There are 2 protein chains.
Amino acid sequence: MSNNEGPGRTVTLSDVARSAGVSIATASKALNGREDVAPATRARVLEAADALAFTPNPMARGLLAGRTGTVGVLTSDLEGRFMIPILMGAEDAFGAGQVNVFLCDARGDAIREQHHLKALLSRRVDGIIVVGRQTDPRPSLGQDLPVPVVYAYSPSDDPRDLSLTPDNYAGGRLAVEHLISCGRTRIAHISGDPSYAAAQDRLAGAHAALARAGLELVGEPMFSMWTEHWGRDAAAMVLQRHPDVDAIFCGSDQIARGVLDTARDFGRTVPDDLAVIGYDNWEVLARNSRPELTSIDANLQQLGRQAAQRVFDAIDGVDIGEGTYHLPVRLVIRGSTIARQ
Amino acid sequence: MSNNEGPGRTVTLSDVARSAGVSIATASKALNGREDVAPATRARVLEAADALAFTPNPMARGLLAGRTGTVGVLTSDLEGRFMIPILMGAEDAFGAGQVNVFLCDARGDAIREQHHLKALLSRRVDGIIVVGRQTDPRPSLGQDLPVPVVYAYSPSDDPRDLSLTPDNYAGGRLAVEHLISCGRTRIAHISGDPSYAAAQDRLAGAHAALARAGLELVGEPMFSMWTEHWGRDAAAMVLQRHPDVDAIFCGSDQIARGVLDTARDFGRTVPDDLAVIGYDNWEVLARNSRPELTSIDANLQQLGRQAAQRVFDAIDGVDIGEGTYHLPVRLVIRGSTIARQ
DNA sequence: TACCGTGCCGAAAGGGCTTTCGGTCTTTTC
DNA sequence: GAAAAGACCGAAAGCCCTTTCGGCACGGTA
């Protein structure tokens, strides 16, 4: 609660210079590793700076260079669990340097997003990461922004933008390949909202893997919601209509949890009678089920880190390219597909 | 990706002044609503600023001792689900005004926290919210900071600081009172890590409610981890040793999920044979169980909003007081304690 | 007419830093 | 031993804004 000005006044470069017995200019050069400073002098300055716990004022610095050392993260759904790992990855990559993150949550509202965008620009952020809530393309912020923009998770609908999004197609393929390699041939698919690109891409990947093995899905793929309840209901239908099914590829871990639940009700043991694989590798769910859930991890933290890195590069003038990049995903094997020996 | 310098150079105050035919000083005064500017002049300046889409450079502004319109949020565990609602609440309250949020994640590391604190101060934030990961007191950032600080979730260990934390004692009381009002008298308690203040406070609240009704816990309270697995194991022990138990108060929704699972294995129907109540009201878990889970909601978003409001007040010079405030929690009734009619 | 408020406006300082450029002092070269 | 070349350092300008304070013009009062 203190609000004093007291003796704890911030120490400035001139304090350091005075303490080291040099001019302000020399102190600046010494601290920034520039030429034309004798090693001895440089050491003296660094020592003084250290002793005084000097930290340069980014305001003054930014006033010159035009750079503020801040990056804006514009999310549309802070609540969603996809945001968090991405945000962490980004914060991670930035935190290593001298960059700070402005966080804005647009709550999925375009108006609010525009408002926040304006606020970020007026704060002179050096770059922006836009984090969407689905993997469906979203409207571009436009090409005429004064700072580089990278889209994460939701790609931009404008191919001139740079977007990073997880490769759901590969994820679907990976999941089914794993099931096949476990000796399963009667594979059903239960997924969430069919209007999500994620649902369609994963299905397409699954189909590709099946086709390559000369197989087909058991029954029609089932779509409805990304919830445990739906997983339970859908599993009941599948097990009734197709008792010979030996594996279920689920569109999310939540759905998979519901499937596991119903499987138990039907007296099917997992993984022996029925293999179940989830998606997202949401540990709270995947690691606490009985048995633990094999799942596909989208490496979101990695994605966030990459997005940050791209923004960095762009700020440094590197051409970071354009288009949508589909980042690799990863299979995490647990007990729901392979019995532990 | 545009990063031009071209003609789109940022427009400065002097551009506005020139365009309006006044001095820089007058333009500044006009835009900031200060005295000593004739209405006509002011209008002319505003018009010019608008036409040029002028936005003041926050660097230059912050260089002066003025306000920066930014607030720092220093979290220690971004991953934790308690952060998010608090963060949302804060972002909400700030977003309404003209304030932006600097987000820093210390990853639970004191060194990193100090580093981020420095960064925030050197960016001249107007205030700071410190969000902890547990309700246990945490070390104070100190009293000699140049900006107001509010602690959310984790209270500061220094009573001179202002802290907002959920009232776990009331939560425990509320949970047990609800069970009693449902006609239960044989109540057991399964909770998580006993070193958490949250675990102890909830237990104390539960004891208080029981005592008032002339009751006692069935068996000893069971502590271990905040996981579903533990919930399952602990429930098995309870149901074996105390078959007459008619309600279980769980320290978290995860634990409660495990308890529900085991109850089913034991052939106990919920809520008829056994009432189960969780804690945290984590909807993904609570709304997707069979039956849905009654739980205690800590109103974290509200807490975040209040923390932001307090920081606002402090910035405006209002005395916001000190000490730790325990904010009210709320009972959310679902099917695991009362059969739907 | 001489004087004094009052109302508006502008010159200039300042805030902390980087950078250019000229100046001093030491070293090398013929 | 004198001149040219380096090596090192400091004065000062500039980034964009806010704020103080002095100046100017105007209207009213003695």
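In what follows, every chain begins at residue 1, and chains take the letters A, B, ... in the order their sequences are listed. Predicted, not measured: the structure shown is a model, and the values here were computed from it.
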request  = State whether a side-chain donor-acceptor pair under 3.5 Å links B/S140 with B/D158.
outcome  = no
For the pair made of [atom1] in [X] and [atom2] in [N], what is the distance, rounded to whole Å?
{"X": "B/L13", "N": "C/dG10", "atom1": "CG", "atom2": "P", "value": "12 Å"}
{"X": "A/L63", "N": "D/dC17", "atom1": "CG", "atom2": "P", "value": "9 Å"}
{"X": "B/I24", "N": "D/dT20", "atom1": "CD1", "atom2": "P", "value": "17 Å"}
{"X": "B/L64", "N": "C/dG14", "atom1": "CG", "atom2": "P", "value": "13 Å"}

key: Phosphate OP1/OP2 of C/dT18 contacted by A/R61 side-chain N/O (<4.0 Å)   = yes
ask   = Would you say A/S23 reaches D/dG10's phosphate, i.e. side-chain N/O to OP1/OP2 under 4.0 Å?
value = yes
query = If you check every side-chain atom of B/A25, which of D/dA11, D/dC17, D/dT19 has the closest atom?
reply = D/dT19
ask   = Salt bridge between B/D313 and B/R310, side-chain N to carboxylate O under 4.0 Å?
value = no
Under the rule for side chain to side chain donor-acceptor pair (under 3.5 Å), what residues qualify as partners of [X], not counting sequence neighbours?
{"X": "A/S23", "value": "A/T26"}
{"X": "A/R305", "value": "A/D92"}
{"X": "B/N299", "value": "B/R330"}

task = Hey, could you give me each pair passing side-chain hydrogen bond (donor to acceptor under 3.5 Å, both in side chains) that has a residue in residues 115-127 of chain A? Not counting sequence neighbours.
result = A/T68-A/D126, A/R123-B/N100, A/R124-B/T55
request  = Heavy atoms only: give me the nearest B/L64-B/A60 pair and the separation to one decimal.
outcome  = CD2-O, 3.1 Å
ask   = Residues from residues 49-60 of chain B sitting under 4.0 Å of DNA chain C, heavy atoms only?
value = B/A60
ask   = Under a 4.0 Å heavy-atom cut-off, which of residues 27-48 of chain A touch DNA chain C?
value = A/S28, A/N32, A/R34
ask   = Would you call the rings of B/F82 and B/Y153 parallel, tilted or perpendicular if under 30° counts as parallel and over 60° as perpendicular?
value = parallel
